[in-house]
Amino acid sequence: MIVELEAYDHTDPAAHGYGNRRTDRNASMFLPGGVAYVYRSYGVHWCLNFVCGDADVASAVLIRALEPTHGLDEMRARRGLDDVRLLCSGPGRLCQALGVTRAHDGLSLEKPPFELIPAPEAPQRILRGTRVGITKAAELPWRYGLAGSRFVSRRFAT
DNA sequence: GTATTGATCTTCT
DNA sequence: GAAGATCAATACA
């Protein structure tokens with residue numbers, strides 16, 4: 001279950017698609033919404049985004065944290081640790097737990113290997129805050145998280 | 001509990 | 001050549 005994400009769009013200096021400038025890396029952000037954008041972070045990790053909006057307009061949400069509900073054993077094997085709290089609580093961690101790599105970049109989110117399932121119940125409260133790990137446009141409150149979740153990558157300011 | 005640092009790839013200057 | 005949508009290990013309080 002997705003519990004934390006951040007928004008990025010073409011007006012955002014912190015985004016890879018700022019100014020709708022297309023590069024080899026961010027090409028998937030210019031596809032019509034409903035596909036994955038996967039990029040390498042700090043040369044070490046993969047990060048997963050859901051592309052939004054129309055074709056040729058760069059916008060996406062970075063999936064920052066999940067509450068693991070299915071395939072716990074497989075996630076533990078991929079991550080090499082047991083603590084459920086640490087399996088998917090961060091964009092790099094969740095990609096490792098789910099086995100997401102560049103091979104998934106540009107793939108539709110509506111067919112395998114992806115499958116999105118509506119949450120069993122609507123979230124009671126969503127918290128908003130500033131985004132993590134950026135220097136430009138750091139003041140924009142474009143980070144969202146499920147209130148009370150123990151699986152967010154960082155606490156939200158009260 | 002917070003602070004610092006190395007790992008190591010892609011993009012842009 | 002520098003910076004970056006990060007993580008884990010280490011050092012210190």
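Each chain gets a letter, A, B and so on, in the order its sequence line appears, and its residues count up from 1.
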*Asks:* Inspect the surroundings of CZ in A:Arg154 and state if more than 12 heavy atoms from other residues, nucleotides or ligands are less than 6.0 Å away.
*Replies:*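 Atom CZ in A:Arg154 is not packed in, count stays at 12 or less.
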*Asks:* Hey, can you pull the residues of residues 129-147 of chain A with a non-hydrogen atom under 4.0 angstrom from DNA chain C?
*Replies:* A:Val132, A:Gly133, A:Ile134, A:Thr135
*Asks:* Where along residues 33-40 of chain A does a heavy atom fall under 4.0 Å from DNA chain C?
*Replies:*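 The answer is A:Tyr39.
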*Asks:* Please, which pairs that meet ring-ring contact (aromatic ring centres under 6.0 Å, His included) have at least one residue in residues 131-158 of chain A, sequence neighbours excluded?
*Replies:*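 Listed by first then second residue: nothing to list.
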*Asks:* Flag yes if A:Val100 and A:Val3 sit in one hydrophobic cluster, no otherwise; membership is Ile, Leu, Val, Met, Phe, Trp, Tyr, and two members link when side-chain heavy atoms are under 4.5 Å apart.
*Replies:* yes
*Asks:* Is the shortest side-chain N to carboxylate O distance from A:Asp56 to A:Arg22 below 4.0 Å?
*Replies:*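 Counted as a salt bridge, because a side-chain N and a carboxylate O are separated by less than 4.0 Å.
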*Asks:* By a strict heavy-atom criterion of less than 4.0 Å, which residues belonging to residues 73-101 of chain A are in contact with DNA chain C?
*Replies:* A:Arg79, A:Gly90, A:Pro91, A:Gly92, A:Arg93
*Asks:* Nucleotides 5-8 of chain B: which of its N/O atoms have a protein N/O under 3.5 Å away?
*Replies:*
residue	atom	partner	partner atom	Å
B:dT8	O2	A:Tyr42	O	3.2

*Asks:* Can you list everything that forms a side-chain hydrogen bond (donor to acceptor under 3.5 Å, both in side chains) with A:Glu67? Sequence neighbours excluded, please.
*Replies:* none
*Asks:* Going by side-chain contact (heavy atoms from CB on, under 4.5 Å), A:Cys88 matches just one of A:Met1, A:Met75, A:Arg93. Which one?
*Replies:* A:Met75
*Asks:* Does one hydrophobic cluster hold both A:Leu48 and A:Leu107, with members joined at side-chain heavy-atom distances below 4.5 Å?
*Replies:*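 Same cluster: A:Leu48 reaches A:Leu107 through Ile, Leu, Val, Met, Phe, Trp or Tyr contacts under 4.5 Å.
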*Asks:* Stems involving DNA chain C: give each as a range paired with a range, ordered by first number, where a stem means at least three consecutive Watson-Crick or G-U wobble pairs under 3.5 Å.
*Replies:*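 DNA chain C stems, ordered by first number: B:1-7 with C:6-12, B:9-12 with C:1-4.
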*Asks:* I'd like to check the side-chain hydrogen bond (donor to acceptor under 3.5 Å, both in side chains) partners of A:Arg78; sequence neighbours left out, ordered by chain and number.
*Replies:*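 In terms of side-chain hydrogen bond (donor to acceptor under 3.5 Å, both in side chains), with neighbours along the sequence ignored, A:Arg78 is linked to A:Glu74.
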*Asks:* Would A:Ile126 and A:Val61 show up in the same hydrophobic cluster when neighbours are defined by side-chain heavy atoms closer than 4.5 Å?
*Replies:* yes
*Asks:* So, taking the atom named OG in A:Ser59 and the one named CZ in A:Phe30, what distance separates them when rounded to the nearest 0.5 Å?
*Replies:*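 Result: 9.5 Å between the selected atoms.
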*Asks:* Does A:Glu6 reach the main-chain N or O of A:Val132 with its side chain, forming a donor-acceptor pair under 3.5 Å?
*Replies:* yes
*Asks:* Would you say A:His45 and A:Gln96 make side-chain contact, with heavy atoms under 4.5 Å?
*Replies:* no
*Asks:* How many angstroms lie between atom OH of A:Tyr37 and atom SG of A:Cys52, to the nearest 0.5 angstrom?
*Replies:*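 If we round to the nearest 0.5 Å, A:Tyr37:OH and A:Cys52:SG are 13.5 Å apart.
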*Asks:* Using a 4.0 Å cut-off on heavy atoms, which residues in residues 103-110 of chain A reach DNA chain B? List them by number, or say none.
*Replies:* none
*Asks:* Suppose we screen for side-chain hydrogen bond (donor to acceptor under 3.5 Å, both in side chains). Which residues come up paired with A:Ser28, at least two apart in sequence or across chains?
*Replies:* A:Asp105
*Asks:* Do the side chains of A:Leu127 and A:Ile63 join up, straight or via other hydrophobic residues, at under 4.5 Å, putting them in one cluster?
*Replies:*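 A:Leu127 and A:Ile63: one cluster.
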*Asks:* Walking along DNA chain C from 5' to 3', note the first and the last nucleotide with an atom under 4.0 Å from a heavy atom of chain A, and give both.
*Replies:* C:dG4 to C:dA8
*Asks:* Go through residues 7-24 of chain A and report each residue with a non-hydrogen atom lying under 4.0 Å from DNA chain C, sorted by number.
*Replies:* A:Tyr8, A:Ala14, A:His16
*Asks:* Is there a side-chain contact between A:Leu66 and A:Leu98 in this structure, where contact means two heavy atoms from C-beta onward sitting under 4.5 Å apart?
*Replies:* yes
*Asks:* Using the C1' atoms only, state how far C:dA8 lies from B:dT10, rounded to an integer number of Å.
*Replies:* 22 Å
